[in-house]
Participant: 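After the structure tokens below, expect a handful of questions from me.
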Amino acid sequence: MTDRPVRVRFAPSPTGHLHIGGARTALFNYLFARKTGGQFILRIEDTDRKRFVPGAEQEIIEGLRWLGLEYDEGPDIGGPYRPYRQTERLEIYRQRAWELVERSAAYPCFCTPERLEKLRQEQMRNKQQARYDGLCRDLDPDVAARRVAQGERYVIRFKMPRHGVTIARDHLRGEIVTENQYLDDYVLLKSDGFPTYHLAAMVDDHEMKITHVFRGSEWLSTFPLHVQVVRAFGWEEPVWIHLSVFLKPSGKGKMSKRESAETLKDGYSIFVKDMKELGFIPEGVLNWISLMGWGVPEDDVMTLEKMIERFEIDSLTPSPAAINFQKLDHFNRAHIRRLSTEDLARRIKPYFLAHNLAVDDDQLLRVVPLLRERLVTLDDCLAFGAFFFSETVEPAPEELIPKGLSAQQAAQIARRVYAILEAVPDMEPVHTEPPLRAYVEESGFNVNQVFGLVRVAVTGQRVSPPLFESMAVIGREKVLERLKRAGDILESMS
RNA sequence: GCCCCCAUCGUCUAGUGGCCCAGGACGAAGCCCUCUCAAGGCUUAAACAGGGGUUCGAGUCCCCUUGGGGGCACCA
């Protein structure tokens, strides 16, 4: 059926933040489009006025842009099938709904919400499945038309076959057979004139010539309906691909609002908008979400290009996947490590600037190689390397004293190291390391004691990038200054 | 309650009837390297949910049970 050029779409509703589940749906759409040379479309499904969140559309667009998932048609860039916002297509849905009425595949329903609520209560009480009882289903079409003309409030319902079965085909699961008796006469057009998803999405997918529908498996339960609607119109069906859902890290259920908020405390998030601030890079996030619900044989650290190359809809998996933030860390770190020096420098510079550190670009370029393999998230650059750019460091006095030594011995080491480094032509490791190692030898202290002290003295911290390389970047003046200061502190303690 | 979907190491997964005493990755443990922290290298522990079939042969096909998930709206 897919001799048509591939056209796929990501169709979120602007009702909240763009989360990783949505991002992954967008990713798979994107990968498939790029893989096949087809088009990737962004469509905004904003027909629910009650849940509409102002700004949500913008957040979706920004999120996709940040991730690098460029679309070919969309509300902000237009395209041959515009508009791409459903509230701007209301007339189309209204006409299509009535087209179905004319084909006797749908009917106007005048039942009030109150009556439906009562009906539902009663069915629940009798432990029956809650569904429409079909009161308006067999109304005379002329009578119905007259009532509509008179301005009575109505919805349009789909006339679901009462008997037989509906066979729908999901690409990952095969045929899904549902007995029609369990299906309902779903509302297609609401009384406010807005369509429901069931109508709008089917109409748009058809009009926009969508060939493959990637969507969350929460749509599986209404899948038979959608297939029925498409068939009632006599349209060609797209290939349906229902993606697995994301479960919380424990694997028990989906993440709640509260749980989502709490992950932020641990430095993680399921919302794309938070990722940048948490120091994650698009490459890492993309790689992470791509591997939930997609089985790649080997070498799973991939760039977008690599993903496009390897993407196959047949290797998508239907089972739910638990979110694992440790993997986010892993992929983020792996991709940071792959960044060029210039690129990484550009990305971490803002973090230093935000902390009022004067960043010299040449110096930054020398810092990056020392930091690169130590960063899990971009903001780790501060914990690891703020001392490179700060005027002074504030070592904790007790940390200056190596294990097993007295303050006096420590002071002696600091003074001696100062003297050795002062005598050396520059701070390059070839000049600093040999004499200091020689000193370790003759002094009888061990490397950890001596280098540890120097590390705390010049970096202000116990953990840092390699000492000698770091000193070379810090520069002679600051190194000596900091060593002197450490010596002073230690002397005052002894 | 009813309907639908899913089911391999803790997690993400490979596996499409014999190549599997089940492979990779994350995480864990240990060793090596080492100026700290990382990175890197090597090694180890760790799974076919249970029960019935089908078959010469089942992780792979069928059924049941169990577990998990989703849905039962004039929300998407």
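Keep in mind the model is a prediction, meaning the values are calculated, not measured. Here is the naming used below: chain letters follow the sequence lines, and residue numbers restart at 1 for every chain. What you see below is based on every heavy atom in this structure, not just the backbone, and it leaves out hydrogens, waters and symmetry mates.
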Participant: Near RNA chain B, which residues from residues 87-94 of chain A have a heavy atom under 4.0 Å away?
Facilitator: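 When residues 87-94 of chain A is checked for heavy atoms under 4.0 Å from RNA chain B, there are no hits whatsoever.
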Participant: Run the ring pair (Phe, Tyr, Trp, His ring centres under 6.0 Å) test against A:Phe387 and tell me which residues pass, sequence neighbours left out.
Facilitator: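 A:Phe387: no ring pair (Phe, Tyr, Trp, His ring centres under 6.0 Å) contacts found.
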Participant: Report the residue from A:Arg137, A:Arg131, A:Lys159 that forms a salt bridge (charged side-chain N to carboxylate O under 4.0 Å, His left out) with A:Asp185.
Facilitator: A:Arg137
Participant: By ring pair (Phe, Tyr, Trp, His ring centres under 6.0 Å), which residues pair with A:Phe384, not counting sequence neighbours?
Facilitator: none
Participant: Without decimals, in angstroms, what is the distance between A:Trp294 CH2 and B:U11 P?
Facilitator: 22 Å
Participant: Which atom pairs link the protein and nucleotides 58-61 of chain B when you take only N or O atoms and keep those under 3.5 Å?
Facilitator:
none

Participant: Identify all side-chain donor-acceptor contacts of residues 217-225 of chain A below 3.5 Å with residues at least two apart in sequence or on another chain.
Facilitator:
residue, atom, partner, partner atom, Å
A:Ser217, OG, A:Leu243, O, 3.3
A:Thr222, OG1, A:Trp219, O, 3.4

Participant: Atom CD1 of A:Ile241 to atom C1' of B:C5: distance rounded to whole Å?
Facilitator: 16 Å
Participant: Could you state the atom-to-atom distance from CD of A:Gln228 to C1' of B:C4 in whole Å?
Facilitator: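 So the CD-C1' distance, A:Gln228 to B:C4, works out to 15 Å.
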Participant: Mark up nucleotides 29-40 of chain B, 5' to 3', with B wherever a protein heavy atom is under 4.0 angstrom from a base atom, S wherever such an atom reaches only the sugar-phosphate, and - elsewhere.
Facilitator: ------BBBBSS
Participant: Kindly point out which of B:C4, B:C6, B:A14 is positioned nearest to the side chain of A:Pro318?
Facilitator: B:C6
Participant: Please state how far atom CG in A:Asn287 lies from atom C1' in B:U13, giving the value in whole angstrom units.
Facilitator: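 A:Asn287 atom CG is separated from B:U13 atom C1' by 14 Å.
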Participant: Run the salt-bridge test on A:Arg9 and A:Asp204 with the 4.0 Å N-O cut-off and return the result as yes or no.
Facilitator: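 No, this pair does not count.
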Participant: Please enumerate all residues that pass ring pair (Phe, Tyr, Trp, His ring centres under 6.0 Å) together with A:Tyr268, with sequence neighbours excluded.
Facilitator: A:Phe325
Participant: Output the rounded distance in Å from CG (A:Asn332) to P (B:G27).
Facilitator: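 After rounding, the gap between these two atoms is 13 Å.
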Participant: In this structure, how many angstroms lie between the C1' atom of B:G27 and the CG atom of A:Asp266, rounded?
Facilitator: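 It is 16 Å, rounded to the nearest whole Å.
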Participant: Polar atom pairs between nucleotides 8-10 of chain B and protein, under 3.5 Å, N or O only, would you list them?
Facilitator:
none

Participant: Quick one: label A:Ile176 by what it contacts on the DNA or RNA (base, sugar-phosphate, nothing), any heavy atom closer than 4.0 Å.
Facilitator: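 The answer is sugar-phosphate, as A:Ile176 gets under 4.0 Å only of primed atoms, P, OP1 or OP2.
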Participant: In B/S/- notation, 5' to 3', how is nucleotides 43-51 of chain B contacted by protein heavy atoms closer than 4.0 Å?
Facilitator: ---------
Participant: Could you check how far NZ of A:Lys248 sits from C1' of B:U11, rounded to whole Å?
Facilitator: 16 Å
Participant: Counting only heavy atoms not in A:Arg153 (residues, nucleotides, ligands), do more than 12 fall under 6.0 Å from its CZ?
Facilitator: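 No.
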Participant: Do A:Glu179 and A:Gln181 get their side chains close enough for a donor-acceptor pair, meaning under 3.5 Å?
Facilitator: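 Yes, side-chain donor-acceptor contact under 3.5 Å.
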Participant: Taking the six-membered ring where the residue is Trp, are the ring centres of A:His242 and A:Phe214 under 6.0 Å apart?
Facilitator: no
Participant: Which residue pairs pass the salt bridge (Lys or Arg N to Asp or Glu O under 4.0 Å) test with at least one member in residues 432-446 of chain A, sequence neighbours excluded?
Facilitator: A:Arg416-A:Glu442, A:Glu433-A:Arg437
Participant: Residues in ring pair (Phe, Tyr, Trp, His ring centres under 6.0 Å) with A:Phe28, at least two apart?
Facilitator: A:Phe311
Participant: Looking at every strand, decide which applies to A:Ser244 at a 4.0 Å heavy-atom threshold: base, sugar-phosphate, or nothing.
Facilitator: nothing
Participant: Nearest whole angstrom, please: distance from the P of B:U13 to the CD1 of A:Ile323.
Facilitator: 12 Å
Participant: Go along nucleotides 64-76 of chain B 5' to 3' and tag each nucleotide: B for a protein heavy atom under 4.0 Å from its base, S when only backbone or sugar atoms are that close, - otherwise.
Facilitator: ----SSSSSSBBB
Participant: Any salt bridge between A:Arg49 and A:Asp192, counting N to O under 4.0 Å?
Facilitator: yes
Participant: For the rings on A:Phe158 and A:Tyr107, is their centre-to-centre separation under 6.0 Å?
Facilitator: no
